[in-house]
Amino acid sequence: MRGCPYSEWSWAKDCEVCKATPADKPTHGAVKCDFGYEDCTEYKAKNQKSKPKEQP
């Protein structure tokens, strides 16, 4: 099982951070980062930006 692709360990901050947020905010061990991250606001926003727009 994999967690959120935007959640990773920061050695400099010595904690897990969310790379989808501008300031790489700590996740504080959020369960959502491991399970159900598709419902995370930051994850949704990041994915909307990366999806190509559909042609009419």
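The first residue of the sequence shown is numbered 1, and numbering continues consecutively from there.
- Partners of Lys13 by side chain to side chain donor-acceptor pair (under 3.5 Å), not counting sequence neighbours: none found.
- Trp11 belongs to a hydrophobic cluster whose other members, connected by ILVMFWY side-chain contacts under 4.5 Å either directly or through intermediates, are Trp9.
- Applying the side chain to side chain donor-acceptor pair (under 3.5 Å) rule to Tyr43 yields the partners Asn47; only residues at least two apart in sequence or on another chain are considered.
- Checked by atom type and distance alone, the side chain of Thr21 pairs as donor or acceptor with a backbone atom of Cys18 at under 3.5 Å.
- Rounded to the nearest 0.5 Å, atoms NZ (Lys19) and OG1 (Thr27) are 12.5 Å apart.
- Rounding to the nearest 0.5 angstrom, the gap separating the SG atom in Cys4 from the NZ atom in Lys32 is 10.5 Å.
- Evaluation of the side chain to side chain donor-acceptor pair (under 3.5 Å) rule for Glu42 yields no partner, not counting sequence neighbours.
- Contact annotation: the side chain of Val17 never approaches that of Lys25 to less than 4.5 Å [non-hydrogen atoms, C-beta and beyond].
- Nearest heavy-atom pair across Pro5 and Tyr37 is CD-CE1, 3.6 Å.
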